[in-house]
Asks: 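After the structure tokens below, expect a handful of questions from me.
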Amino acid sequence: MKKSYISKFIDTLITFLTAAFFTMAVAGYFMGDTAAIIAAAVAGGLAMTALLSLSQAKKQKKTDPQIRETMNQFIFGGEDFALGHFFNALCKRYKPVSHNGFLMVRATAVFVKIRLNKLSASDTAIFYGLARAQNAKRLLILTAAGADKDCAALIKTLPDIKITVLNEEKVFSLLKALGAIPPVLIKLNKPKKAPLKDFALGALEPDRSRGYFYISFILIVSSLFMRHGIYYLCVSALCLTLGVLCRLDIKQKLRKNG
């Protein structure tokens, strides 16, 4: 699945700022005119953002419209709707047992977490614990966007249970094999504008920490060549703080408290 608008905006902003500050540092070394330095920084930021956007557009796979439509039904229908649909689908061939938020199919624990974002390591750890409590031998997690890097690394280290994460194509194939592709779209409410809280949580994604650290480094270097370097150091400190908060996975803690 494609990233949410919030994630796309933050990624684009980080790319632009990184390229702009790097260009500013180089231009500041050779130029003395502040206006020319700012113009060069903006041009460099826009150019790099445009190049990366074009590169990602070429690499991005075209999702089958039917797959996207099916995933959207589960995403916007909610996890209870998705879990209920797969329970009914599995009943055609097996005798699934419904637990609190997941299904047991023989010795396999099935979690249906079809969301816009990738599966995180923290969620996987929770699912693993619940599966072990049921003496499951296998753990199957259905998603739309697959697993993030930290999650993939965690899966390799967890013992005893074989963990499989299905992305949207494989989930659709499973539905097709079960003869359970939703025939009609569910009625959707008009999408609400993303609240400020969602924007803030999006900025604290663990995989954004490297971007913040990189910007912080660029700003520190830029402060050595530019006038009023204290402003660069202040913004650098802010980016460094955000990077540390991302590393600490503060987003997960905020969700538990909120």
Side-chain angles (χ1 to χ4, degrees), residues 1-8 10-11 70-87 90 96-105 107-172 174-175 194-195 197-211 243-258:
M1 290 297 293
K2 294 183 178 180
K3 291 182 178 180
S4 68
Y5 292 115
I6 292 175
S7 296
K8 285 183 178 180
I10 294 173
D11 288 341
T70 302
M71 293 302 106
N72 283 341
Q73 291 190 56
F74 295 129
I75 291 171
F76 296 109
E79 292 187 359
D80 289 340
F81 166 76
L83 186 66
H85 183 87
F86 277 93
F87 177 82
L90 291 167
V97 178
S98 180
H99 290 268
N100 187 19
F102 68 100
L103 307 174
M104 283 298 301
V105 183
T108 302
V110 181
F111 288 81
V112 184
K113 301 297 174 182
I114 301 177
R115 307 164 178 166
L116 286 172
N117 296 328
K118 289 186 176 183
L119 181 68
S120 68
S122 56
D123 283 340
T124 303
I126 293 172
F127 302 157
Y128 174 78
L130 293 172
R132 288 200 67 176
Q134 297 295 325
N135 297 316
K137 296 181 179 179
R138 291 175 294 276
L139 172 56
L140 180 64
I141 308 174
L142 312 184
T143 74
D148 64 22
K149 293 180 180 179
D150 291 336
C151 177
L154 175 66
I155 288 174
K156 295 178 181 179
T157 65
L158 294 175
D160 303 329
I161 300 177
K162 181 180 179 181
I163 303 175
T164 304
V165 179
L166 303 186
N167 60 14
E168 58 182 1
E169 288 85 3
K170 293 180 180 178
V171 170
F172 186 80
L174 175 62
L175 285 169
K197 180 180 178 182
D198 288 348
F199 181 84
L201 291 176
L204 293 174
E205 289 283 356
D207 57 359
R208 299 190 190 283
S209 59
R210 291 182 181 178
V244 172
L245 291 176
C246 290
R247 281 289 185 183
L248 295 175
D249 200 7
I250 195 69
K251 175 183 177 180
Q252 188 68 21
K253 296 177 182 178
L254 289 174
R255 277 183 170 173
K256 288 181 179 179
N257 294 333

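The residues of the chain are indexed from 1 along the displayed sequence.
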Asks: How far does CG of L103 sit from CD of Q134, to the nearest 0.5 angstrom?
Replies: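 Answer rounded to 0.5 Å: 11.5 Å.
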
Asks: Under the side chain to side chain contact (heavy atoms under 4.5 Å, CB included) test against L83, which residue among V112, I114, L142 passes?
Replies: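 Passing option: V112.
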
Asks: For a 4.5 angstrom cut-off between non-hydrogen side-chain atoms, does V110 reach F86?
Replies: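 Of all side-chain heavy-atom pairs linking F86 with V110, none is under 4.5 Å.
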
Asks: Give the ring-plane orientation class for H99 versus F102, where under 30° counts as parallel, over 60° as perpendicular and anything between as tilted.
Replies: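 Parallel, since the angle between the ring planes stays under 30°.
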
Asks: Could you give the distance from CG (L175) to CD (E168), rounded to the nearest 0.5 Å?
Replies: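 It comes to 12.0 Å.
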
Asks: Testing the basics here: between A144 and I75, what is the closest heavy-atom pair and its distance to 0.1 Å?
Replies: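 Minimum heavy-atom separation between A144 and I75: CB-CD1, 4.4 Å.
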
Asks: Judged by atom type as modelled, is there a donor-acceptor pair below 3.5 Å linking the side chain of T143 to the main-chain atoms of L166?
Replies: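 Yes: the side chain of T143 pairs with the backbone of L166.
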
Asks: Considering non-hydrogen atoms only, spot the tightest contact between R132 and D160 and give its length.
Replies: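 Minimum heavy-atom separation between R132 and D160: NH2-OD2, 3.3 Å.
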
Asks: If every non-hydrogen atom of A131 is compared with every non-hydrogen atom of L139, which pair is closest and at what distance?
Replies: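 In terms of heavy atoms, the two residues are closest at CB-CD1, 4.3 Å.
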
Asks: Can you give each donor-acceptor pair under 3.5 Å made by side-chain atoms of residues 148-155, sequence neighbours left out, with the distance rounded to 0.1 Å?
Replies:
{"from": "D148", "atom 1": "OD1", "to": "D150", "atom 2": "N", "distance (Å)": "3.3"}
{"from": "D148", "atom 1": "OD1", "to": "C151", "atom 2": "N", "distance (Å)": "2.7"}

Asks: Looking at residues at least two apart in the chain, or sitting in another chain, which of them share a salt bridge (Lys or Arg N to Asp or Glu O under 4.0 Å) with K118?
Replies: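 Checked K118 against salt bridge (Lys or Arg N to Asp or Glu O under 4.0 Å); zero matches.
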
Asks: Return each pair, listed once, that meets ring-ring contact (aromatic ring centres under 6.0 Å, His included) where at least one residue sits in residues 116-150; pairs must be two or more places apart or across chains.
Replies: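 As it turns out, the ring-ring contact (aromatic ring centres under 6.0 Å, His included) pairs with a partner in residues 116-150, which skip direct neighbours, are F111-F127.
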
Asks: Can you tell me how far apart OG1 (T108) and CD1 (I161) are? Round to the nearest 0.5 Å.
Replies: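 Output value for this atom pair is 10.0 Å.
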
Asks: Nearest 0.5 Å please: distance from the CG atom of L90 over to the CE atom of M104.
Replies: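 Rounded to the nearest 0.5 Å, the CG-CE separation comes out at 12.0 Å.
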
Asks: Can you check whether R138 reaches T164 side chain to side chain, under 4.5 Å on heavy atoms?
Replies: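 When only atoms from C-beta onward are counted, T164 and R138 do not touch, as no gap falls below 4.5 Å.
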
Asks: Can a salt bridge be assigned to the pair K113 and D123 using a cut-off of 4.0 Å between side-chain N and carboxylate O?
Replies: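 Judged by the 4.0 Å cut-off on N to carboxylate O distance, K113 and D123 do not form a salt bridge.
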
